[in-house]
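Below: one structure, written as structure tokens.
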There are 2 protein chains.
Amino acid sequence: MGQESKNGLQRRILDTARRLLISDGYARLSMRKIAREIGYSATTIYLHFKNKDQLVHALIEEGVSRLHRRLLSRSNQNGEGVRKRLRNLCSEYVVFGLDNPEYYEIMYMLHPENLARYPADKYRRARKNLELLASVYQEGVDGNVFQRLDPMLAASIIWSHMHGVVSLILSERFDARLDKDRVIGESIERVIRGFEPEHRIRSTV
Amino acid sequence: MGQESKNGLQRRILDTARRLLISDGYARLSMRKIAREIGYSATTIYLHFKNKDQLVHALIEEGVSRLHRRLLSRSNQNGEGVRKRLRNLCSEYVVFGLDNPEYYEIMYMLHPENLARYPADKYRRARKNLELLASVYQEGVDGNVFQRLDPMLAASIIWSHMHGVVSLILSERFDARLDKDRVIGESIERVIRGFEPEHRIRSTV
DNA sequence: TCCGGTAACTTAACAGTGTTAAGTTATCAC
DNA sequence: GTGATAACTTAACACTGTTAAGTTACCGGA
């Protein structure tokens, strides 16, 4: 029959996969369901994606660049102090995770054996988000706002702490009585405080 | 036939499930495989556990009490300062996660829809681990070592940061070049620093 | 000794999953 | 017209959790 151009169908598969991911969640995303939705047999998808992992990789990359756009728009706000810009980045990261739980899940919470060997070029793009954090941290080091430390190490630590908050909220492991916004806000403040020079004295307390 | 006493078989199921969980991981843990291993049909398991979720809940509870024993042994080390005891608790938590990745996964990383409504009594036991952290924090508040803050809030934040580190290591999201031990050590230090009073002055920088 | 009940267990089935091998059809270049 | 190729499908494999219905084996009471 051959009615669809190769790239057209590939895009339709991806669009449908994204829609189903967001509406039903990763656990219910199946090749057969995607196929049914676009009116093809399940095996057709395998003509455009090697397997389910590769399809999910494409969705992960979409999520990574969505997050990147949001972080970029926040980190470019000049005129703000370095500390505030780092705080904004952290806050934006958390908000992205809570706003896009399905994207967040496949990006950062899927078991590694579900996304076999994430390709190097995509991984490089994913790392740009971390580099955004690292560059702001480096600025802070230069301006004596943060302690001198390998910026990628510092960024990784800050990221992991934000990830802890987001993932525990998404996987519903926090006590229901806990004020999540409070946890988020305090987390961001405490993380940043942990990297500030020791001698800093604030007016309060 | 009825050769096994009810409780004996229940224990055998659980033992086998635990063994398979640890050796093959949660993703490959199946009712049929457990059954095959103990020489019964798969449906026999349903005479002792309502469904797979409930079986996993039992394993989660095992993990929770294993972790509890380890945290207890660390928090009871009197003679140590409060700061060091909090650090030891954090360190013990991380080590537990890295040493027992399969337990850790079902305890804190499984998607909530996979463990439908974790029963309240088990949840209470799980919270005791957090309370261990909280009580050490409260001691620190009393001794002016940590800032005054709702101890359960502080404990939740500290926990979430440790969870971030553990889960990103287990799900292999950190850059391979990153020194994980460094990340762990710095994370613990920075987290604690974030809760220390502002005016503290150290000898180094 | 026979009868009913029950506990322990099994088989068969449902509705799904990712994935591969083999088969079909339509179009296009020569 | 012929052969190649792209696009697509059907059937199958080996799994999954779970339920309904069926089968034994034993045990207390008449």
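Order of the sequence lines sets the chain letters (A, B, ...), proteins ahead of strands, with each chain counted from 1.
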Checking C/dT20, C/dT11, C/dT17 against the side chain of B/Thr43 (C-beta onward), the nearest is C/dT11
Taken to the nearest whole Å, CG/A/Leu47 to P/D/dT9 is 9 Å
Less than 4.5 Å apart, side chain to side chain, heavy atoms only: is that true for A/Val165 and B/His161? yes
query = Short question: side chain of A/Arg28, backbone of A/Leu20 - any donor-acceptor pair under 3.5 Å?
reply = no
Atom CG of A/Asp53 and atom P of C/dT17 are separated, to the nearest Å, by 17 Å
In whole angstroms, the gap separating C1' of C/dA7 from CD of B/Gln10 amounts to 15 Å
Within residues 17-31 of chain A, the residues having a heavy atom closer than 4.0 Å to DNA chain D are none
Is it true that B/Arg182 and A/Asp150 make a salt bridge, defined as a side-chain N closer than 4.0 Å to a carboxylate O? no
Ring-plane angle category for B/Tyr108 and B/His163, please: parallel below 30°, perpendicular beyond 60°, tilted otherwise.
perpendicular
When rounded to whole Å, the NE2 to P distance for the pair B/His48 and D/dG17 reads 18 Å
Note to self: Side-chain N or O of B/Thr44 versus OP1/OP2 of C/dT10: is the shortest distance under 4.0 Å?
What the structure shows: yes
Can you confirm whether B/Arg18 sits close enough to B/Tyr103 that some side-chain heavy atom of one is under 4.5 Å from a side-chain heavy atom of the other?
yes
Among the nucleotides D/dG17, C/dT20, D/dA7, whichever has the atom closest to the side chain of B/Tyr46 is D/dG17
Taking the side chain as everything from C-beta on, heavy atoms only, tell me whether A/Asp99 gets closer than 4.5 Å to A/Arg66. no
Rounded to whole Å, OH of B/Tyr40 lies from P of C/dA7 at a distance of 17 Å
B/Ile45 CD1 to D/dT16 P, in whole Å, measures 11 Å
A/Leu9 CG to D/dA7 P, in whole Å, measures 9 Å
Atom NE2 of B/His57 and atom P of D/dG17 are separated, to the nearest Å, by 15 Å
- Query: Just by modelled atom types, is the A/Gln54 backbone N or O under 3.5 Å from a matching donor or acceptor in the A/Asn51 side chain?
  - Reply: yes
One would report the end-axis bend of the helix from C/dT1-D/dA30 to C/dC30-D/dG1, five pairs per end and rounded to 10 degrees, as 30°
With a 3.5 Å cut-off and just heavy-atom distances, do the side chain of B/Arg32 and the base of D/dG17 make a donor-acceptor pair?
-> yes
_Please determine whether a side-chain nitrogen of the Lys or Arg among B/Arg193 and B/Glu189 lies less than 4.0 Å from a carboxylate oxygen of the Asp or Glu._
no
Assert: residue with more 5' nearest nucleotide on DNA chain C, out of B/Ser41 and A/Lys52, is B/Ser41
When every non-hydrogen atom of B/Leu55 is compared with those of B/Phe49, the smallest separation belongs to CA-CD2, 3.8 Å
